[in-house]
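Encoded as structure tokens, the structure appears first; notes follow it.
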Amino acid sequence: MKANYLDELNEQQRVAAEHINGPLMIVAGAGSGKTKVLTTRIAHLLRNGVDAFNILSLTFTNKAAREMKERVEKILGGTEARNLYIGTFHSVFARLLRAEAHRLGYPNDFTIYDSDDAKSVLKTIINEQNLDDKHYKPALVYNRISAAKNSLIGPEEYQHDYAIQQEDMRANRPLNGKLYDMYAKRCFKNGAMDFDDLLFKMYVLLKSFPEVLHKYQHKFKYIMIDEYQDTNPAQYEIIKLLGAAHENICVVGDDAQSIYSFRGATIQNILQFEKDYEDAKVVKLEQNYRSTKSILNVANEVIANNKGQIEKNLWTDNADGEKIKLVRTMTDNEEGKFVADTIAEQKLRNHYANRDFAILYRTNAQSRAFEENLRRKAIPYRIFGGLSFYQRKEIKDFIAYLRIVTNPQEEESLKRIINYPVRGIGKTTIDKVSVIANEQNITFWNVLERANEFGFKSGTLEAIENFVIMIRSFQAMLGKHNAYDIALQVGKSTNIVKELFNDKTTEGLARYENIQELLNSIKEFTETPTEDGELVESEKSLGTYLQQITLLTDADKGNDEDSDVVKLMTIHAAKGLEFPVVFSVGLEENLFPSGLSINSREELEEERRLFYVVITRAKSRLFLTYANSRYRFGQLVNNESSRFLEEMPEKYIDRSYAGGGNVNRSPINNGGGLFGGNGNNMFDRMQKKSPTAPQQPAGPRPAARPVPNAAPSNHVPSPNFTPDDPAIMEPGMEVEHQKFGFGTIQTLEGPMNNRIATVNFPKGGGEKKIMLNYARLMIVKK
DNA sequence: TCATCCGCTGTTTTT
DNA sequence: CAGCGGATGA
């Protein structure tokens with residue numbers, strides 16, 4: 001261990017890192033070095049005699065967990081660090097449940113359902129109940145169930161809770177509770193837990209088995225929780241139980257970055273920490289080491305619009321840096337083009353590498369315009385999130401086989417593969433098996449095993465029997481062979497690999513490659529040495545592998561973090577990360593803030609925190625972009641700029657960049673040809689397209705609309721019309737306006753960021769007041 | 001039983 | 001503009 005590990009910390013950081021016993025809350029502002037503090041604190045604990053086996057550190061993402069592990073290893077060296085329990089809530093609990101699930105009546109090799117699996121089960125149940133799945137949409141029902149579980153409300157309680165029942169009645173879905181009950185029973189029968197069960201069942205386990213609780217209380221004497229502001233009631237209660245014996249709970253969080261309430265997180269957990277633990281020590285980390293002053297000041301001012309925060313004053317010693325660039329484009333595609341062009345430009349001009357850029361958006365669907373334009377410019381990029389590798393059809397199909405090998409009672413997967421590849425067991429047969437299974441109260445697999453008892457047609461019976469024999473042959477390999485060998489055998493026996501290999505279409509090829517990648521990942525899994533085998537004996541088993549990958553998101557795939565690519569992801573996915581140059585895109589009403597969140601103060605504040613998060617991802621340069629119109633549902637819709645833009649202090653904003661708020665030209669080529677390069681600038685086109693378009697010509701929504709009223713003269717703008725920066729305009733100059741033609745500036749008034757010019761247009765209707773932020777003028781003669 | 005085509009419907013955010 | 005589910009015909 002490095003001797004001077006505490007030396008690199010500032011005073012507050014050091015106070016936090018040196019705290020050993022008793023509850024501790026670290027309020028860590030964005031970029032204030034909380035990971036450093038956490039990792040140093042772990043080192044400090046060990047230095048002071050705490051056993052690594054007694055430390056539990058919980059994070060929200062695998063990425064955060066991995067980073068923490070790596071950094072701890074750097075301080076400690078690998079061997080000691082290996083004994084620490086560091087992981088996400090979900091993965092750690094899955095691991096514990098793997099050792100204890102039998103107590104709850106689940107197989108220890110229980111299957112973990114991702115949300116697609118869960119919705120699929122729900123859909124089956126809804127249909128079995130003869131309910132309309134257009135009304136009882138699986139996704140909606142799933143959300144209700146998920147919310148309930150995250151609040152530790154079981155099916156019984158759900159059905160007897162008056163308020164909940166009222167809500168469901170009002171939504172005209174009174175049977176949600178019954179569906180919840182049936183869903184829970186079906187999952188149990190399938191030997192499966194969904195994501196929320198990993199928390200819910202963990203709680204039930206600790207609550208119902210005092211000896212288990214005692215065991216883990218004793219084991220985890222020191223508990224640390226990152227991103228505490230994002231914990232939900234289930235997580236909160238589990239932590240409370242686990243920590244009750246020693247109360248060595250250290251939570252780190254930032255209420256300003258709470259962005260997961262849709263997942264049941266409640267900001268109350270962090271706000272109440274001091275009340276929960278009366279002797280809690282509170283340390284605030286207020287120095288930001290990440291961003292420039294401009295960026296940080298904007299972030300601070302924006303977040304000040306939210307109520308009820310923990311008081312803190314985030315500051316930085318860093319340089320002022322450049323102003324934040326605000327850029328408006330006509331369409332989503334132009335937005336993509338602007339970003340790609342600017343990345344190319346910044347690379348040249350400021351010697352950035354691809355990896356220095358991040359494009360961050362509110363919804364995954366926005367990625368396309370950026371992808372296309374980056375590809376066009378041959379800029380390598382990678383999208384994080386979206387459809388996970390493990391959600392692809394061919395991968396899910398293959399994994400379904402593996403799941404059945406370890407857990408044949410799991411019906412969802414069985415139905416997936418029973419006729420894939422096609423082996424003559426169609427829908428009719430599957431339905432029949434389902435009905436028999438329900439009637440006889442046995443599993444789907446049991447029916448298949450005993451197919452000869454149920455009068456299937458001989459051809460069908462034969463197909464079923466062959467299927468059963470094949471699955472059994474895989475199962476026979478368990479224990480004797482590792483996960484990779486079994487997977488290989490599955491690929492061979494089922495002909496899946498060969499079939500995909502022979503499919504020479506582009507999609508077929510891609511699918512083949514994906515399967516190869518899956519096989520490789522399994523191989524890698526079996527060949528990587530285990531981290532520790534303390535709680536689970538066979539870490540390399542197929543069962544472990546399956547549980548692990550379900551909890552993996554696309555962002556976790558591969559450790560190619562160092563690869564030199566531009567990163568695209570949602571703002572949610574970017575939390576905890578930092579980039580030299582950030583593009584925060586799609587800053588429009590109904591998109592960011594989301595149209596679904598603008599009706600309540602709470603939700604709007606969460607969107608604002610999201611805006612805060614995206615701003616604070618940037619180290620030195622930040623671009624904010626929005627488009628006048630973009631495709632949604634295949635339809636072009638007009639957008640107002642985001643209300644959040646109005647909350648930014650004007651003095652840190654540069655609207656002059658490439659046609660943003662003020663002037664439509666690039667500082668580089670001085671010609672506004674950044675987009676399209678057709679010499680036809682955006683403002684020009686917009687005016688021609690819709691002179692009275694409802695959207696504002698530029699800038700965040702102005703209080704009063706400055707559009708000159710009607711009677712536009714038929715002035716045709718000069719072909720080289722390029723608006724100039726209002727800052728350099730002076731009375732007496734001759735200028736051109738797109739509609740009013742040529743004129744002379746009479747007076748200038750108002751602050752720089754909102755200058756109003758009085759211009760006399762001899763042919764354009766005489767004297768006009770022009771708000772320069774919204775209507776552009778080109779200087780003709782000084 | 002299976003393949004193809006048409007039409008509908010949906011967009012937050014994630015472990 | 002997807003992607004999916006349902007209907008339809010072979």
Side-chain angles (χ1 to χ4, degrees), chain A residues 58-65 87-94 112-116 118-120 123 127 133-134 137-140 142-143 146 149-150 193-200 202 227 230-232 234-235 258-265 332 360-369 384-388 390-391 393 419-431 457 459-460 463 547-556 569-575 586 588 590-598 603 606-607 609-611 613-614 630-637:
Chain A
L58 297 171
T59 63
F60 272 80
T61 63
N62 296 300
K63 195 185 256 173
T88 64
F89 278 92
H90 293 266
S91 70
V92 166
F93 293 166
I112 298 176
Y113 278 160
D114 65 24
S115 25
D116 289 335
K119 280 179 250 178
S120 168
K123 192 176 167 162
N127 290 334
D133 61 18
K134 294 246 162 61
K137 287 180 190 160
L140 288 178
Y142 177 65
N143 284 342
S146 174
K149 284 183 185 169
N150 284 323
M193 296 193 199
D194 64 19
F195 286 150
D196 304 311
D197 282 330
L198 295 176
L199 308 180
F200 189 33
M202 187 70 207
E227 310 281 12
D230 288 328
T231 50
N232 61 36
Q235 290 161 328
S258 159
I259 55 173
Y260 280 103
S261 75
F262 69 94
R263 217 166 78 191
D332 44 0
L360 307 179
Y361 34 75
R362 179 70 240 272
T363 67
N364 282 307
Q366 285 167 256
S367 67
R368 219 173 82 185
F384 291 79
L387 192 63
S388 150
Y390 298 102
Q391 286 176 289
K393 232 178 281 137
N419 201 33
Y420 171 77
V422 176
R423 54 172 70 86
I425 306 177
K427 191 174 181 305
T428 325
T429 308
I430 293 174
D431 286 347
K457 273 188 288 184
T460 311
Q547 291 192 344
Q548 203 173 298
I549 58 167
T550 312
L551 296 170
L552 243 40
T553 52
D554 202 34
D556 305 314
M569 66 186 93
T570 63
I571 300 168
H572 282 88
K575 192 162 80 148
E588 295 136 37
N590 288 326
L591 184 59
F592 192 14
S594 158
L596 299 170
S597 302
I598 52 180
E603 287 176 301
E606 177 145 322
E607 296 281 319
R609 290 193 291 271
L610 207 46
F611 189 45
V613 167
V614 73
R630 70 172 62 240
Y631 278 95
R632 251 185 153 180
F633 300 129
Q635 207 118 44
L636 199 63
V637 295

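Each chain gets a letter, A, B and so on, in the order its sequence line appears, and its residues count up from 1.
Partners of A/Phe592 according to the ring pair (Phe, Tyr, Trp, His ring centres under 6.0 Å) rule, which considers only residues two or more places apart in sequence or in another chain, are A/Phe611, A/Phe644. In this structure, the salt bridge (charged side-chain N to carboxylate O under 4.0 Å, His left out) partners of A/Asp197, at least two apart in sequence or on a different chain, are A/Lys149. For A/Arg630, the side-chain hydrogen bond (donor to acceptor under 3.5 Å, both in side chains) criterion is met by A/Glu335, A/Glu588, not counting sequence neighbours. Residues forming a salt bridge (charged side-chain N to carboxylate O under 4.0 Å, His left out) with A/Arg368 (at least two apart in sequence, or on another chain): A/Glu372. In terms of the side-chain contact (heavy atoms from CB on, under 4.5 Å) criterion, residue partners of A/Leu140 (sequence neighbours excluded) are, by chain and number, A/Lys137, A/Arg173. With sequence neighbours excluded, the residues forming a ring pair (Phe, Tyr, Trp, His ring centres under 6.0 Å) with A/Tyr260 are A/Phe262, A/His572, listed by chain and number. In terms of the side-chain hydrogen bond (donor to acceptor under 3.5 Å, both in side chains) criterion, A/Thr428 has no residue partners (sequence neighbours excluded).
Taking atom CE of residue A/Met569 and atom C1' of nucleotide B/dT14, one finds them 14 Å apart after rounding to whole Å. Rounded to whole Å, the distance from CG on A/Asn232 to P on B/dT14 is 16 Å. Rounded to whole Å, the distance from CG on A/Asp133 to P on B/dG10 is 12 Å. One can place CG of A/Leu552 at 15 Å from P of B/dT14, the figure rounded to the nearest angstrom. Separating the CG atom of A/Asn62 from the P atom of B/dT14 is a distance of 14 Å, rounded to the nearest angstrom. Note: CG (A/Asn590) to P (B/dT13) measures 15 Å, nearest angstrom. Between A/Lys63 atom NZ and B/dT14 atom P the separation is 12 Å, expressed in whole Å. Rounded to an integer number of Å, the gap from A/Asn143 CG to B/dT14 C1' is 12 Å.
Nucleotides B/dT13 and C/dC4 have their C1' atoms positioned 23 Å apart, rounded to a whole Å.
Distance from the side chain of A/Arg362 is smallest for B/dT12 among the nucleotides B/dT14, B/dT12, B/dT15.
Within the 4.0 angstrom heavy-atom criterion, only backbone atoms of the sugar-phosphate kind lie near A/Arg368; the bases stay farther away. Using a 4.0 Å heavy-atom cutoff across all strands shown, A/Phe592 reaches no nucleic acid atom at all. Within the nucleic acid shown, A/Phe89 has no heavy atom closer than 4.0 Å to any nucleic acid atom.
Heavy-atom minimum distance, A/Asn62 versus A/Thr88: N-CG2, 3.3 Å.
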Could you list all N or O pairs between the protein and nucleotides 1-8 of chain B that sit under 3.5 Å apart?
residue	atom	partner	partner atom	Å
B/dT1	OP1	A/Thr429	OG1	2.9
B/dT1	OP2	A/Thr428	OG1	2.2
B/dC2	OP2	A/Asn419	ND2	2.9

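Of the options A/Asp230, A/Leu58, A/Leu198, a side chain to side chain contact (heavy atoms under 4.5 Å, CB included) to A/Phe89 is made by A/Leu58 and by none of the others.
Between A/Asn364 and B/dT13 there is a side-chain N or O to OP1 or OP2 distance below 4.0 Å. Side-chain nitrogen and oxygen atoms of A/Thr570 include at least one within less than 4.0 Å of the OP1 or OP2 phosphate oxygen of B/dT14.
Nearest-nucleotide positions on DNA chain B place A/Lys137 closer to the 5' end than the other of A/Glu606 and A/Lys137. In terms of position along DNA chain B, the nucleotide closest to A/Ser594 lies nearer the 5' end than the nucleotide closest to the other residue of the pair A/Ser594 and A/Phe195.
Remark: ring of A/Phe262 does not overlap the six-membered base ring of B/dT14 in a stacked fashion, as centroids less than 5.5 Å apart with planes less than 30° apart are not both met.
Of all nucleotides in DNA chain C having an atom under 4.0 Å from a heavy atom of chain A, the first and last in 5' to 3' order are C/dC1 to C/dA2.
Judged by distance alone, the side chains of A/Asp114 and A/Gln391 never bring a donor and an acceptor atom under 3.5 Å apart.
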